[in-house]
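Note that this is a predicted model, so its numbers are computed, not measured. Letters A, B, ... mirror the listed sequences (proteins, then strands); counts begin at 1.
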Amino acid sequence: MPLITLPDGSTRQFNQSVTVADVAASIGPGLAKAALAGRVDGQLVDTSFLIDDDADLAIVTERDDDGIEILRHSCAHLMAQAVQRLFPSAQVTIGPVIEDGFFYDFSFERAFTPDDLAAIEKAMQKIVKENLPVERSVLSRDEAISLFREMGEDYKVEIIESIPGDEDLSFYRQGDFIDLCRGPHVPDTGKFKAFKLTSVAGAYWRGDSDNEMLQRIYGTAWGSKQDLKLYLQRLEEAEKRDHRKLGKQLGLFHFQEEAPGMPFWHPDGWTIYQVIQDYMQSVQAANDYKEIKTPQLVDYSLWEKSGHASKFSDEMFSVESDNRMYAIKPMNCPCHIQVFNQGLKSYRDLPLRLAEFGSCHRYEPSGSMHGLMRVRSFVQDDGHIFCTEGQIQSEVADFMQLLFAVYRDFGFDEVILRLSTRPEKRVGSDDLWDNAEQALKDALEATGLAWQLQPGEGAFYGPKIEYSLKDCMGRVQQCGTIQVDFFLPERLGASYVAEDSSRKTPVMLHRAILGSFERFIGVLIEHYAGAMPAWLAPQQVAVLNITDKQGEYCKQVEESLKNKGFRAISDLRNEKIGFKIRELTLQKVPYLLIVGDKEVESRTVTVRTREGADLGTMALQAFCDHLQQDVFSYGRSEANRATQ
RNA sequence: GCUCGCUUAGCUCAGGCGGUAGAGCACUUCAUUGGUAAUGAAGAGGUCCCCGGUUCAACUCCGGGAGUGAGCACCA
């Protein structure tokens, strides 16, 4: 005699055990039709789930985030069924839900083509029309293994065999298709209203590049056609923000075949780059970092000593000259230790913070390169803090303060924080790791922000925190990092004289805020859709004349702006004012100063922003004050402007 | 590095049974001096990514390579 309590607090009494579907039907036919699953005492279940006792129940529909997830998961099954109908020899493997969609990996003798995708989508629609019931069943491991072995599904057999214990396993059948799955799933294949297969790609079995490559089909599914449309529009919008596209349109940089993965910076792109570097230089100086510069080419023997040669030689560029082998430096830390090692250091010198805008080259695998986000030549805002073990905590905490302040200036209020802890293969005692990991954890906790733990993902020489931002496609881009290193200083012979006059090895903290300038600028371009805030904009002001008559005055205004330290250009071309406004707006120049006879006569300028706002006619000085204020506010969001 | 796709004018892209190609914008010239997102006209512009092969003939077909895109793997 279960008493069912619904989310609104109302209750329903039943004389016998009921399914989720029964309860939904008792509430109304509309809900019965919309029900995708149920949440019984917080647990997601199929609509066929039988409730014996009193319980809290929520009917899950497509309006529910969980409902959408279930829909997507079931859509992966729908696709697998369609694939096997069209290509009976294709074997199924796994098909999980991902952000905004799902994928399924198949083993098949050839790759799927875009035409196949269209055919599969059609077959999926047919199965939707067939409105097949989706039925859950439970099999023992042995039964399951023999069933899938009979079906020739070798991968499924391998998956089932790898599930530990001898627990029973749940299966879902819809018509001629059955799949191992935890569920829950939609009650029938008639529930799909809006889905689309988006792409095919290879993917390694079990994510291991030593394994064979499977065929992965990506799809997306939504509760309504409207939602699907909105999603596809969102993708289109994101494409417009792509830094590679904007970089070309705005003339910031280019790539060419002769230098794969190595950007050529153009004047406007380089302006942004330099403004950022100037900013970082002053920020770091204010935080007691000492800037240094170390060589590009360093004899291979140093990389052998540091241990990089044995681990990363495939990814290092090298140069032979005078019968010596040099590596083009892939990182700066060994060189920074060389600087530390010059002269005897005392504990009084610690912490010693060395910083370098270090130009590095790495032979990244060809398939991993991606615009400015992953390149083969880049500059890091690199820094190494030499300190004692006891100083780790405060150094990390200070660093994070600095990092957040910098990110706020660049307009990023949301940062993804991840702590990577000790991997299996590592150096150093467990005590050492305990302390270092604790110091990083404490620093993270002190921020009051959410952070993720990545157990075992730390470097072999120490744990690390990574600070990531999202690009326009939602891809997470790691920018900043701080890593504890117990290994390299000792390996390269760094030491200091302690209070008891013994020689000790310093701990080294590798740290970067922006990470690589290249990637950071890529993220910035996408974040601002190319419309850089005034402090970063390559050109802050353009002065436009209406006719040739005002040319001279425009030049004076331009000069005057430049003398005040602003980046200004004038556009005196023999074109209509509308044309020039359009062009410079598309070039995303923040301020346009329009000058006609009126302005020359009254010695003023008329100000238009790139957003199209008319700020009116004013004296040049008044405009300079406005611009100065804009520049001083950096890219801070409104909330952060007042407080800084 | 792996799978699949793509590569045609400065840019964005069409195109063709195998007979060496086209648009829009940009560029140059001329006219126009016009007050807030495109003034008009004319002109110039191509190793159809590279190297081989098939063919009377290859930008087009075949093989190899490079770059690039999506994804996978990698990321000190």
Readout for nucleotides 71-76 of chain B: B = base within 4.0 Å of protein heavy atom, S = sugar-phosphate only, - = neither; 5' to 3' it is BBBBBB
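- Remark: the separation of the C1' atoms in B:C6 and B:G65 is 16 Å, to the nearest Å.
- No N or O donor and acceptor, one from the side chain of A:D614 and one from the base of B:U36, sit under 3.5 Å apart.
- Residue A:T585 places none of its side-chain N or O atoms closer than 4.0 Å to OP1 or OP2 of B:A37.
- Figure legend. B:A41 is base-paired to B:U29; pairs are counted as Watson-Crick or G-U wobble with both atom distances under 3.5 Å.
- Between A:H626 and A:F623, the ring-plane angle classifies as parallel under the 30° and 60° cut-offs.
- Comparing the C1' positions of B:C62 and B:A58 gives a spacing of 11 Å, expressed to the nearest Å.
- When both distances must be under 3.5 Å, the Watson-Crick or G-U wobble mate of B:C61 is B:G53.
- Comparing the same atom, C1', in B:U7 and in B:A41 gives a spacing of 35 Å after rounding to whole Å.
- Between A:R244 and the phosphate of B:G69, there is a side-chain N or O to OP1/OP2 separation shorter than 4.0 Å.
- With both ends at atom P, the span from B:U8 to B:C61 equals 15 Å, rounded to whole Å.
- Within the structure, a side-chain polar atom (N or O) of A:K248 is placed less than 4.0 Å from OP1 or OP2 of B:U12.
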